[in-house]
Structures are given as C-alpha cells and as structure tokens.
Participant: 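Next up is a structure, given as structure tokens.
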Amino acid sequence: MTPSGGTARVAIVGAGPAGAFAADRLLRARGDVEIDLFERLPTPWGLLRAGVAPDHQEIKRLDESFDRQTLDRGCRLFGNVEVGVNISHEDLMRHYTAVVYATGAQTDKSLGIPGEDLPGSWPATEFVAWYNGHPDYRELEFDLSGRRAVVIGNGNVAADVTRMLTLSPDELARTDVADHALEALRESRIEEVVVLGRRGPAQAAFTSAELRELGRLDGVELSVDPEDVVLDPLSQRWLDELGTFTARTNVALLREFAERDAQPQCSRRIVLRFLRSPVEIRGAERVEGIDVLRNEIVEGDDGSLRPRAAGEDVETIECGLVLRSVGYRAVPLPGVPFDERSFVLPNERGRVLASDGDPLPGVYAVGWIKRGPTGILGTNKRDAEETARCLAEDLESGRLPSPEQPGRDEIDALLAERKPDLVTVDGWRAIDALELRAGEEQERPRVKLSSREELLSAARPAPG
Amino acid sequence: MTYVIAGSCIKDDSCVEACPVDCIHPKPGAPDFETAEQLYIDPDMCIDCDACVEACPVDAVFADFEVPEKFGYALDLNAEFFAEKSTAERTRTAA
C-alpha cells in the first residue's frame with residue numbers, strides 16, 4: 001500500500017557500515033522516515049563482512065547492532081541490486097525523497113611502478129575480499145607456493161594480510177575465513193612475509209593494537225632490524241613534540257621487537273622493514289622479486305615529514321607474491337557528480353554539490369565516498385550523524401520536492417521487473433541463519449556462503 | 001578496580017555517552033580524537049558502574065580482573081594514555 005502522503009522515503013545506496021550508521025542516525029533524527037537499503041551483494045554490512053579480518057571476530061559482532069538499529073526497525077533491504085546497473089540514479093530520484101550514497105571506495109590505489117601488473121602482484125584488497133568470501137573474488141587463485149611474500153604498505157590492511165599469511169591453519173580454521181581460502185592457505189608454503197614501509201617507524205600507519213598482534217602470533221617470529229628503529233632527528237623531534245599516543249606506542253613496540261632474540265624454532269617469520277620504497281616488481285612471466293630503494297626522512301615546505309630516496313643502491317628481494325596495500329580509492333557513480341581529484345562525491349557536510357557548487361536537492365553522501373578512505377568503523381557514526389542532520393534539516397525546511405512516484409508499491413513493482421532475484425531482509429535472515437548453523441556444527445563463528453548462486457539459493461524461500 | 005578498553009575498540013562513542021563520570025577519552029571534538037586509534041578509560045576516575053560495558057557494541061570493555069590474556073597490555077595502556085595528559089587538561093582542550 002502507498003503510505004499516507006508526506007512520509008519521506010529515503011534510499012541508502014550501499015549497506016556497509018556507513019550506510020548502516022546513516023540509517024540508524026536518520027531514524028534517530030526523524031522517526032517517521034522510511035528507509036530502503038540498496039546493496040549490490042546478496043548480504044549486507046559491507047567491509048564488516050568482507051573487509052574486517054576473520055580473526056577479529058569481536059569487531060564483526062557489530063553486525064548485531066546494525067541489524068537491531070536498521071532492519072529490526074523496519075528498514076527494508078534490497079540486496080543483489082546494483083545501482084547504476086539494475087536501477088539508475090534517475091530511477092531512484094523518481095521514487096525517493098532523498099538518496100544517500102554510501103558506496104565506499106571500491107578500488108585500490110596503484111603504485112605506478114614497472115611490473116605492478118605481473119601475475120603474482122595483487123592489490124591487498126583483492127586478497128582480503130578473497131579470504132573473506134566476497135562472491136566477486138572467490139575464483140581468484142593466489143600462488144602461495146613461493147617461500148617469501150612481500151607486503152607493501154604500513155597500514156592495518158597490510159597488517160591484516162600479513163597475519164592471514166602467517167597464522168597457523170588450525171587458528172584460521174577457528175575463524176569464519178572462506179573455505180576456499182582456508183584450503184589454499186593450508187597448502188601455503190610461505191615461510192616469510194616482508195612488510196615494506198616507505199617511511200620510518202614513527203610514521204607507520206598501523207594502529208598499535210595491530211602492530212602488537214603481529215608480535216604475538218603463535219609460532220611466528222617477528223623480526224625488526226635494530227638499525228631501522230633508530231629514529232632520524234626530524235622524526236624524533238616530531239615524536240617528542242607532536243607525535244600521537246599511537247605513534248609513541250608504535251615506536252616503543254618496534255624497539256621492543258628489535259631487541260628480541262631470533263626464534264629459529266618458529267616455522268614462519270614476519271620481517272618489518274622501514275624506509276624502503278619499491279621501484280620495480282621483477283619477473284619474466286610472473287613475480288620473482290621486488291627492487292627497493294632506501295629512503296630518508298626530509299621535511300617538506302609545509303613542515304610535514306616525507307620520505308625521499310637516499311642513494312641509488314637497489315636491493316632485490318626475491319619473492320613469489322606481492323600484495324600492494326597502499327590505500328583504497330572510490331570510483332565514480334553513473335549520474336552523480338564526482339570529484340576526480342579527491343575521489344569523493346563533491347559535498348558539503350554530506351549534501352552532494354552540483355557543478356555550480358549548490359546542493360543537489362535530495363542527494364547525499366556518507367562514509368568513504370563522502371570523506372575519502374580514512375578513519376575506522378566508528379568514524380562513520382559521526383560522519384553519518386552529520387549527513388543525517390543535514391537531510392533531516394532539509395526535510396524540515398521543505399527543501400526537498402516530492403518524488404514523481406512516491407509509493408512503496410511503485411518502487412517494488414519496478415524492482416520486481418528489473419531484479420526478480422533481489423534479496424530482502426527475510427532472504428538475508430535465511431542466509432545468516434544457515435551460515436551460523438553451519439558454523440555451530442564446525443565450532444566456528446560462521447561458515448560463509450561465498451558464491452552468488454549459493455547465497456541466492458539460501459535466500460529463496462523453501463518451496464511450498 | 002577499573003574498567004579498561006581493549007584493542008578491538010572501533011571508536012563508536014556509545015561508551016562516552018553512557019559514562020556518568022566522563023572518564024572515557026578522547027571525546028568526539030577533542031583535539032586528539034581523530035588521531036586516537038581507540039578510546040581509553042581513566043583508571044583514577046572510573047567508578048566501576050558497568051555502563052560502558054553495556055553500551056559497547058563490540059564488547060571491547062572489560063573489568064580489570066576479567067581482561068582476556070591477549071588484551072593484558074590494555075590495563076597499562078589505558079593508564080599511560082592519561083599519564084601523558086591529565087583528564088582536566090583534556091576536558092579543557094575539548095571545550
């Protein structure tokens with residue numbers, strides 16, 4: 001039935017953390033709005049499901065809050081529906097009072113060095129999606145037969161993939177890692193993972209929690225060259241005067257790691273190396289090694305500390321796998337303005353701006369597509385609060401015109417025609433229950449279904 | 001005793017809202033909030049009321065006698081955070 005006139009209907013595009021927080025904050029600001037969550041996967045919660053590492057189950061528990069704050073409060077889910085493919089931005093504007101984009105940053109930044117695209121060199125984000133059972137990545141085949149892997153980058157994604165490459169198969173088997181990944185990682189012959197940071201220990205982007213974890217994995221030696229943790233005068237001054245609590249904790253941890261004795265009884269080893277920039281990935285047909293140059297820290301004109309090549313001595317690190325973890329990047333959405341320089345939707349506090357700089361009525365952004373790929377999960381809550389407040393204000397002031405076809409049954413009819421196999425809340429609940437039940441049987445948090453076919457079949461109501 | 005926040009904190013600020021004595025920092029809006037990787041509980045101020053435990057969506061808060069072994073470091077870490085700068089200073093700069 002069409003709701004009584006005046007009810008604002010909002011489409012949120014992307015059911016990841018930013019979309020979930022936005023739905024929650026919007027319902028708190030305006031209890032009377034109706035929200036539909038559009039999601040291109042058959043499952044909600046985005047990177048909480050497909051990004052957060054399987055051995056970080058505490059964090060994945062946030063899905064219960066998301067569920068309670070959105071789906072349990074009447075938000076509808078349209079999973080397996082891709083905006084821009086199955087339904088356009090213009091379609092959404094015809095049916096909704098407002099559209100909130102929460103599509104995140106769906107691709108990775110590139111290094112821009114020769115050999116980057118050789119087989120065996122991967123964006124770390126694809127490895128993450130693969131081990132987390134993202135259906136678009138399950139067919140990838142990572143060659144884990146070499147003795148050494150190199151991870152480029154010093155952030156939490158780099159730490160996550162390093163852990164996944166070194167955790168024992170028994171530990172992995174207690175997580176919700178995708179079955180295909182568990183099988184492949186069981187056969188892995190990788191003994192050493194070298195993690196390269198182009199800056200120094202004081203500038204490493206790891207949280208100290210992730211760094212500390214790398215130092216306490218069972219059966220894994222962590223090696224840091226004592227010379228690498230001697231800070232240059234610029235970094236030392238920065239750390240003393242301006243450094244964050246995390247940076248100071250990180251440097252203290254790294255110094256502690258550097259003092260550790262070798263642990264030859266360990267079957268795997270993590271080597272953290274700093275002030276090294278990759279300049280070329282080498283190999284005839286696939287990755288055989290990576291060339292790195294040494295850096296030094298210099299002060300930029302704006303006072304920031306940057307790495308700069310110090311000399312021309314190239315060191316080659318032999319390896320069979322390279323995971324590049326240098327950041328995410330957003331992609332443009334059809335029909336919506338895009339800032340090609342900062343890779344976000346041009347916006348002011350979440351109101352998307354047209355090319356003349358004025359707000360585009362009824363179009364909003366939240367999360368990484370609004371502010372860029374920064375911050376942690378909870379950052380999205382404040383971000384969502386800001387966007388929700390703007391949207392509520394605009395509703396209040398009557399700035400948003402009524403859509404042409406405001407009825408629920410009208411969008412439902414369109415979706416039934418365009419995407420008969422969409423996944424609703426009930427479908428997702430069926431998937432969730434099946435995965436949790438399988439998890440219980442295997443004493444794991446859940447066993448993920450990781451192909452679209454499996455997911456869609458689990459979501460379909462049983463015949464009869 | 002005191003409660004402590006462990007490394008699985010996602011900086012959801014539900015605990016800050018729940019805390020009756022304002023002992024969880026940095027607070028949203030404080031200068032060091034954005035760069036903080038997690039929130040911390042001031043052990044000298046905490047009144048052991050349990051409100052933050054209830055509020056946390058990822059179960060990142062523990063009573064000091066119940067901290068799991070892998071988060072054992074968190075007790076010192078929470079205290080160290082406040083040793084660097086007092087809560088009074090934090091509250092002033094947050095204003």
Side-chain angles (χ1 to χ4, degrees), chain A residues 17 20-21 24-25 28 47-48 52-53 55-69 155-156 159 171 204-213 215-218 240 242-250 252-253 256 371 374-386, chain B residues 4-18 24-42 52-62 66-87 89-90 93:
Chain A
F21 276 123
D24 169 50
R25 295 286 121 178
R28 280 171 204 247
L47 286 180
L48 189 63
V52 171
D55 61 333
H56 284 171
Q57 285 300 318
E58 304 93 351
I59 296 175
K60 293 204 186 243
R61 210 167 291 160
L62 187 61
D63 64 355
E64 293 165 21
S65 301
F66 284 165
D67 216 295
R68 211 171 44 241
Q69 289 161 352
N156 281 350
E171 272 178 283
F206 304 119
T207 58
S208 61
E210 292 252 358
L211 183 59
R212 184 180 289 103
E213 257 187 302
R216 42 172 302 141
L217 302 177
D218 270 346
D240 293 341
L242 301 163
T244 60
F245 183 60
T246 289
R248 279 192 292 276
T249 310
N250 279 352
L253 277 170
E256 187 192 313
R371 67 174 193 274
T374 61
I376 61 175
L377 270 165
T379 312
N380 292 300
K381 185 169 160 184
R382 270 81 56 185
D383 186 322
E385 175 79 37
E386 184 182 64
Chain B
V4 296
I5 303 180
S8 48
C9 171
I10 58 161
K11 254 165 71 174
D12 174 296
D13 47 22
S14 310
C15 56
V16 176
E17 285 169 32
I24 305 180
H25 295 269
K27 291 165 75 167
D32 52 351
F33 179 78
E34 285 310 323
T35 59
E37 68 176 78
Q38 64 160 87
L39 305 179
Y40 305 90
I41 294 177
D42 186 345
C52 51
V53 178
E54 292 297 313
C56 180
V58 294
D59 301 343
V61 194
F62 300 92
E66 284 176 336
V67 178
E69 195 264 329
K70 70 168 176 170
F71 295 134
Y73 66 86
L75 264 175
D76 286 345
L77 194 71
N78 278 247
E80 267 167 41
F81 181 77
F82 292 94
E84 284 203 344
K85 198 165 21 144
S86 72
T87 296
E89 279 175 85
R90 281 178 198 290
T93 45

Participant: Counting only heavy atoms closer than 4.5 Å, note whether A:Phe66 contacts chain B via side chain, backbone, both or neither.
Facilitator: neither
Participant: For chain B, which candidate among A:Leu377, A:Asp63, A:Thr207 shows the most heavy-atom pairs at distances under 4.5 Å?
Facilitator: A:Thr207
Participant: Please step through side-chain contact (heavy atoms from CB on, under 4.5 Å) for the pair B:Tyr73 and A:Arg216, ending with a clear verdict.
Facilitator: CA-CA 12 Å; B:Tyr73 66 86; A:Arg216 42 172 302 141; 5.6 Å; no
Participant: Measure across B:Glu37 and A:Ser208 and return the closest heavy-atom pair with its distance rounded to 0.1 Å.
Facilitator: OE1-N, 2.6 Å
Participant: How many angstroms lie between CD in A:Glu64 and CG in B:Asp59, if you round to the nearest 0.5 Å?
Facilitator: 8.0 Å
Participant: Hey, could you give me the CD/OG1 distance between B:Glu34 and A:Thr244, rounded to the nearest 0.5 Å?
Facilitator: 13.0 Å
Participant: If you count heavy-atom pairs under 4.5 Å between each of A:Thr379, A:Thr246, A:Thr374 and chain B, which one has the most?
Facilitator: A:Thr246
Participant: Not counting sequence neighbours, which residues clear salt bridge (charged side-chain N to carboxylate O under 4.0 Å, His left out) with A:Arg382? List them please.
Facilitator: B:Asp13
Participant: Tell me every residue that passes salt bridge (charged side-chain N to carboxylate O under 4.0 Å, His left out) with B:Asp76, counting only those two or more places apart in sequence or in another chain.
Facilitator: none
Participant: Considering non-hydrogen atoms only, spot the tightest contact between A:Ile59 and B:Val58 and give its length.
Facilitator: O-CG1, 3.7 Å
Participant: Any chance you could measure B:Lys70, atom NZ, to A:Glu213, atom CD, to the nearest 0.5 Å?
Facilitator: 6.5 Å
Participant: Could you measure the distance from the OG1 atom of B:Thr35 to the CG atom of A:Leu242? Nearest 0.5 Å is fine.
Facilitator: 11.0 Å
Participant: Considering only heavy atoms and a distance below 4.5 Å, find which of B:Cys56, B:Cys9, B:Pro57 pairs most often with chain A.
Facilitator: B:Pro57
Participant: Identify the two heavy atoms, one from A:Arg212 and one from B:Leu77, that lie closest to each other, and give their separation to 0.1 Å.
Facilitator: NH2-CD1, 4.0 Å
Participant: Would you call B:Glu80-A:Arg248 a salt bridge at under 4.0 Å N-O?
Facilitator: no
Participant: When you look at A:Lys381 and B:Ser14, which way does the side-chain contact (heavy atoms from CB on, under 4.5 Å) test go after all the steps?
Facilitator: CA-CA 10 Å; A:Lys381 185 169 160 184; B:Ser14 310; 3.0 Å; yes
Participant: Need one label for A:Ser65: side chain, backbone, both or neither, based on atoms under 4.5 Å from any heavy atom in chain B.
Facilitator: side chain
